[in-house]
Amino acid sequence: MSEPKNRADDFERALKARDQQHYVLRLYVAGMTPRSIEAISSIKDICEGHLKGRYEIEVIDISERPELAKEQQVLAVPTLIKILPLPLRRFIGSLSDEERILKGLDIQPKK
Amino acid sequence: MFINTTPIAGETLLPKCLTGIQGLDEITGGGLPKGRPILVCGGPGCGKTLLGMEFLVRGATEFGEPGVFVTFEERPEELAQNVATFGWDLKELETTGKLIIEHIRVERSEIEENGEYDLEGLFIRLGAAVAAVGAKRIVLDTVESLFAALPNELILRAELRRLFGWCKDKGLTAIITGERGDKTLTRHGLEEYVSDCVVDLNLRVKDDVATRRLRIVKYRGSMHGTNEYPFLIGSEGFTVMPITSISLDYATSNERVLTGVERLDAMLDGRGYYQGSSILISGAAGTGKSSLAAAFAKSTCSSGGKCLYFAFEEPVSQIIRNMGSIGMDLGKWMDAGLLKFHASRPTTYGMEMHLLTMYQLVREFEPQAVIIDPISNLSSVGNEDEVKSLLTRFVDFLKGRGVTTLFTDLTSGKTLGEYTEAAISSLMDTWILLRNIETNGERNRALFVLKSRGMEHSNQVREFILSSQGLELADVYLGSEGVLMGSARAAQQAQEREESTRRTQELKKHKRTLLAKRAALESQMAAIRQDLVSMEAEMEAVEAEDTAQLEALATRRDEMARIRKTD
């Protein structure tokens, strides 16, 4: 009768691991427009607030490097792409709705 | 051409951009509006993508205008494969910097909306592509897929409006494709944003045969053909066929070509058909239309000309066998490369496709003579008007090239007469009618020249005889029962031969009698002459005696007088 116990342990571990997952994010913007700035500051706030110490974020200005827009099929700006952890997710817009982003990024909000 | 393209003095006309697509430049009076967006709409499989691609390929290769093809649906590799059949090498154009294929893929499932955004990414990508080749032309195929990918239609619509404006600002002639909607031209109402020029493509199936048609719905600032024009997607790409674009101003030849039947040449002013004319041979089944056509093919080839034979009824091998049976070896000319057959069922494809195939073959082979056997079969794919329109264009095309064209037309057995299935008699310069005449339990073929423009032609009915020696025309006999042909004619001929022999014999006999009579008379005359001679001799003797007696009398009188002492 050890199996169920083991399963429960695995579950516990997975939950814990999720809380410590490393995030790699990429934010595509086109020039420093107010919308770009809004998106940059909101994602930084979220990351600092919930992923402190375990995230990387790269801001790419596609107006300077259009080939990067092609590579990731970026049409709308700002676009946020979650590279890691898998699966890949993308968000478009100025990222003003924090709650939905947390949900979308699969981050446990800290109370 | 029916569209007046002469600029009005002092007015700035809308600059146009030649598409290089056959026929489209004619009906738009010189191409699409330069530097403006053009909406091309139509149902699936109408050729929207192809029209766009050809516009770019022709622009890059023929007009030195590089282009960008933005594909939202098909992958670039698929696109390249699809158009390779038209001989367009997209890879080559891309490496030489004449074309860029920009693949924009958007999948809604991956995207979550959060806050405000715009499509600047799209603009940046297009801008980079346009700048990379210095594009003058762009195709967006089809921006409507964005509607499926982006949840916020309001933003999208605003961005599309900005996109079309952006194209205008960049001076790009842009083709925007759109799927046909239920009641609107496009499913998402793109026509609202693109209002300079709208081209509608459609594909209609009638009697199991599909015909593609193109219509210029609107074209601001320019005259344009308003009709629906049939178009084709052939091996060279897009071809629009404006019916009236070919005018009646071709040169006319005075050269003559032999018909292949000696006595038919004689019936046509002694010298055969005119080079570059159109000839119709009509008749019911089995009257020898194909044979007459083949005779013309043979005659063309033996004088060194090339002949293209479109057979809509029989396979090539069968035609060759059949013509061999009446003494015509067509295989020889095929081997020599002077005769070319194109055999297909009319129902293989639509009317327009036939026309295009014929155009292409004529362009490739450059024949002096073209035979279509028979045109009546074409009516199985189109109605009378369509067949007529096709033949009109084909005849005009061939006449423009100085090609002699011979059509055969099968008339139904009931209407033995001056009637053609496709009502195309007015297009024809020479019309030969073949007819089956049934008398005395046999059928015979009769031939007459119904009309032949520009030459003196025989008004006589001739009997048309097919034998293993070839084709022959014979005189017909007019008897009390009408025209005599076949065995009746042969009987008549035999009878006449007999009659004449008899008459000669009689004459000879009569002559002999006369000669004998003459001989008898002559001998009589000789005898009489002999009598005359002896009679004359007697007369001379009598006269001499007479003179002697007179002299003796005178002497006696003188003697008496001397005796009687008279003074």
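This one's a predicted model, so the numbers in the text were calculated from it and none came from an experiment. In what follows, chains are A, B, ... by sequence order, proteins preceding strands, each numbered from 1.
- Counted within 6.0 Å of NZ on B/Lys136, heavy atoms from surrounding residues, nucleotides or ligands total 12 or fewer; the atom is thus considered open.
- Looking at A/Arg100, the atoms closer than 4.5 Å to chain B (heavy atoms on both sides) sit in the backbone and in the side chain alike.
- With rounding to the nearest 0.5 Å, the separation of CD1 in A/Ile92 from CG in B/Leu150 is 5.5 Å.
- The residue among B/His103, B/Glu113, B/Arg125 with the most heavy atom pairs within less than 4.5 Å of chain A is B/Arg125.
- Taking OG of A/Ser94 as the start and CG of B/Asp118 as the end, the distance is 10.5 Å to the nearest 0.5 Å.
- Comment: A/Arg35 engages B/Glu116 in a salt bridge, judged by a side-chain N to carboxylate O separation of less than 4.0 angstrom.
- Residues A/Val74 and B/Ile124 form no side-chain contact, since every pair of their non-hydrogen atoms from C-beta on lies 4.5 Å or further apart.
- For A/Ile101, the parts sitting under 4.5 Å from any heavy atom of chain B are the backbone and the side chain alike.
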* Go through the steps for B/Glu112 and A/Arg90 under the test salt bridge (charged side-chain N to carboxylate O under 4.0 Å, His left out), then give the verdict. => CA-CA 6 Å; B/Glu112 191 171 312; A/Arg90 44 174 82 209; over 6 Å; no
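- Without hydrogens or angle criteria, B/Asn114 side chain to A/Asp97 main chain gives a donor-acceptor distance under 3.5 Å.
- Counting heavy-atom pairs closer than 4.5 Å to chain B, the top-ranked of the candidates A/Pro87, A/Ser96, A/Ala30, A/Gly31 is A/Ser96.
- Taking CD1 of A/Ile62 as the start and CG of B/Leu122 as the end, the distance is 9.5 Å to the nearest 0.5 Å.
- Residue A/Glu67 qualifies as enclosed at atom CD: its count of foreign heavy atoms under 6.0 Å is above 12.
- Within the 4.5 angstrom heavy-atom criterion, no atom of B/Ile155 approaches chain A.
- Residues B/Ile104 and A/Leu75 meet the side-chain proximity criterion, which asks for heavy atoms closer than 4.5 Å.
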